[in-house]
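Below: one structure, written as structure tokens.
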Protein chains: 2
Amino acid sequence: MGSLGPYKQKHKVTVVGSGNWGTAIAKIVAENTASNPAVFEKDVQMWVFEEKVEIPKSSKHYDPASSLCQGPQNLTDIINHTHENIKYLPGITLPENLIANPSLVDAVQDSTILVFNLPHQFIINICEQIKGKIVPYARGISCIKGVDVNEEGVHLFSETIGKILGIYCGALSGANIANEVAQEKWSESSIGYDPPHFDSKAPSPPNRSPSASTDNILHFEHKDVSGQLSRVKLQALPSEFPPIDHALLKSLFHRPYFHIGVVSDVAGVSLGGALKNVVAVAAGWVVGKGWGDNAKAAIMRVGLLEMVKFGEQFFGATINTRTFTEESAGVADLITSCSGGRNFRCAKLSIERNQPIEKIEETELNGQKLQGTLTAVEVNSFLKKQGLEEEFPLFTAVYRVLQGTMSVDEIPSFIER
Amino acid sequence: MGSLGPYKQKHKVTVVGSGNWGTAIAKIVAENTASNPAVFEKDVQMWVFEEKVEIPKSSKHYDPASSLCQGPQNLTDIINHTHENIKYLPGITLPENLIANPSLVDAVQDSTILVFNLPHQFIINICEQIKGKIVPYARGISCIKGVDVNEEGVHLFSETIGKILGIYCGALSGANIANEVAQEKWSESSIGYDPPHFDSKAPSPPNRSPSASTDNILHFEHKDVSGQLSRVKLQALPSEFPPIDHALLKSLFHRPYFHIGVVSDVAGVSLGGALKNVVAVAAGWVVGKGWGDNAKAAIMRVGLLEMVKFGEQFFGATINTRTFTEESAGVADLITSCSGGRNFRCAKLSIERNQPIEKIEETELNGQKLQGTLTAVEVNSFLKKQGLEEEFPLFTAVYRVLQGTMSVDEIPSFIER
């Protein structure tokens, strides 16, 4: 089973969330803990929001003689017996060392690495439930796509998690789709991870004040985009554990079919996943107009530039603009979203059918709102407050077209340089 | 007709070449000389390789009573009478101030701005024909896509033109397709232009030795990628003319439907147009395999990185890597080529039909070779000579798959970081 090397303790990993993407990530993590026994405990806990589910007769797990097939059963029981999340990731066999757990508090207990993968609207509530019940020196990785933008500023979900739980949390994002990853089709992702240094001689990033560290507790001030200061207390990982660094995170998330690039730029990794959706809406309109691939490429180029500029302007030196132009969470995710993503498709349909995008959301998404249109409105309220609408003509144009105060035909001249 | 402002002389512009792309660019240039009478002579000469053409009965210009419709006529006569290049850009009305000229020497006479837009295999011959017959202080813009790569180095077509003619020549490239530009569908392009400074106090780029300038003649040494030094003698533009700078070039090429970004990085603008085709071949294979949009985006991301790295490694400080990630000639052209370009399409077909790409070239392109496969072989011979195949795994993988020594299935692990 491999040696512990110089470390006495192994990391226990828990995945919080078990939807489509949560289960796909949990599969990867469990495959990697099994193949890296020197640093990880083999079993991975996955917290599952318990619900009653019936195994359909079409499933390969259907056996009329089995007690599991006598009416609705707990989803966790089904997952733990069949090694398949028949509700949210049907058809995919999960590793046997992935354990579905209906108790949130029990699932996170003793875990040093917490992977958050659930819809963003549940984060605060979930974190409040486990606050104080986790290992104080745990570290998190948020797989929640996007950022939380409002008039006041841009908040990273990883920061929200970290703040509530009093731990450091990084982010994973990239050009990937849960089902394809689960089927082991090749794709890539980026992880942003840059915890404060406990070594006081190491330089601090610009948004963190010089730290005071006593023994294994680090106190520092963190300033977010809206200028809000928060005092963070962070506990060092005991030296019995292998350090949670870029190499360790790569060994936990990288697979032959899922290539991971780990960078220090958490904001860049998170921001790409939000802003690309705004660009995808504009790309959909332009293609819907029949303007062709070159016009679409022009929109994407300008969109990428505005993503870079947004990062530079509001995150300053804490962001690395190469994250947008070189990492999966940047340019690659933008490309995928402007190829066949739902924001692109619905925007295209709205032009082709000459219907407002809300109508398309009704008919194509059962009324669910598109991420791109929501983000466009949020980003605009932020830019407007800063008096910077004109500095971001594409983002502003998307907002205005959505508001009906500009036409798609006006976009090229509006973004002309 | 506008005032000459402080300048006594206007620029005369000639377009050398009248194929599909040559005629589309000539249309733009003629539109702009007409609307900028203070700096440009209105009439634009377009050199046309003379041939006999018959106006088809389906053409709106067909009139049985007209002498132009009595059998085959000179293409230049047809263009000058109908204002349509019925052979190479049918259906597009050209400005009346665009004059087709069958005499190369006559067409370039007295022109201070020469726009080269013809297949690259004709450049040397054409330049030899006009050598010494052009205005000695003329400046050129090459619209020839790509670069000339061999074992010894990478040569820019703009440099080849400049060297033969003894003038400075920049480059135009971008995400555009001649027919769409001619139809005034919105697209973008980049111009790279960075002539040596006659002001000896201005800093010289790293590949140009300190210059000796006497009056209006500038002597300098230019070192290309293969390390070859050439001594260049350049004549200053007389002060009677408006300076040929970025703003003037923008006024000559920018249209509401054709947005131009002018940068100093000629190599970056030229290189993007060549290397993107290699990436497009790999993207086509991956999509042909059914691996989906994310795998394609991963290929494009890695391809963009290798384009940047190729530029940095072989052009050093003379290249600006932001040209690849921010300009139309870089990322946008890559996106378009990986969407529906012929390299992408043929590579995809070769997987879907399980046929070698040569077979697809035969059936789909009448045996014409793909630019991407040619460039992949040329780039590989250069990288191999430098011992740098491993530093460019995607370019190397494309070459090896073409050679049959690697399979497409091996690409993801070969380019894994």
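Computation of the quantities below employed the complete heavy-atom set of this structure, encompassing side-chain atoms and omitting hydrogens, waters and symmetry-equivalent molecules. Proteins come first, then strands; the chains are lettered A, B, ... in the order of their sequence lines, and each starts at number 1.
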Euclidean distance, [Y] [atom2] relative to [X] [atom1], rounded to 0.5 Å:
X: Leu334(B); Y: Met300(A); atom1: CG; atom2: CE; answer: 9.5 Å
X: Thr325(A); Y: Glu326(B); atom1: OG1; atom2: CD; answer: 7.5 Å
X: Ile415(B); Y: Trp186(A); atom1: CD1; atom2: CH2; answer: 3.5 Å
X: Leu305(A); Y: Arg322(B); atom1: CG; atom2: CZ; answer: 8.0 Å
X: Asn294(B); Y: Thr336(A); atom1: CG; atom2: OG1; answer: 4.5 Å
X: Ile299(A); Y: Glu188(B); atom1: CD1; atom2: CD; answer: 8.5 Å

Examine whether an atom of [X] lies under 4.5 Å from a heavy atom of chain A, and if so say whether it belongs to the side chain, the backbone or both; otherwise answer neither.
X: Glu180(B); result: side chain
X: Gln183(B); result: neither
X: Ile177(B); result: both

Between Val181(A) and chain B, with a heavy-atom cut-off of 4.5 Å, which part of the residue counts as in contact: side chain, backbone, both or neither? neither
Against chain B, label Lys250(A) side chain, backbone, both or neither, depending on which of its atoms sit under 4.5 Å from a heavy atom there. side chain
Interface residue of largest heavy-atom contact number with chain B, from [options], under 4.5 Å:
options: Ala332(A), Pro412(A), Gly341(A), Gly292(A); value: Pro412(A)
options: Ala297(A), Gly340(A), Ser187(A); value: Ala297(A)
options: Cys338(A), Gly261(A), Pro256(A), Gly330(A); value: Gly261(A)
options: Ala175(A), Gly174(A), Ser413(A); value: Ala175(A)

Within 6.0 Å of NZ in Lys348(B), more than 12 heavy atoms from elsewhere: no
Hey, which of Lys296(B), Lys185(B), His259(B) has the most heavy atom pairs under 4.5 Å with chain A? His259(B)
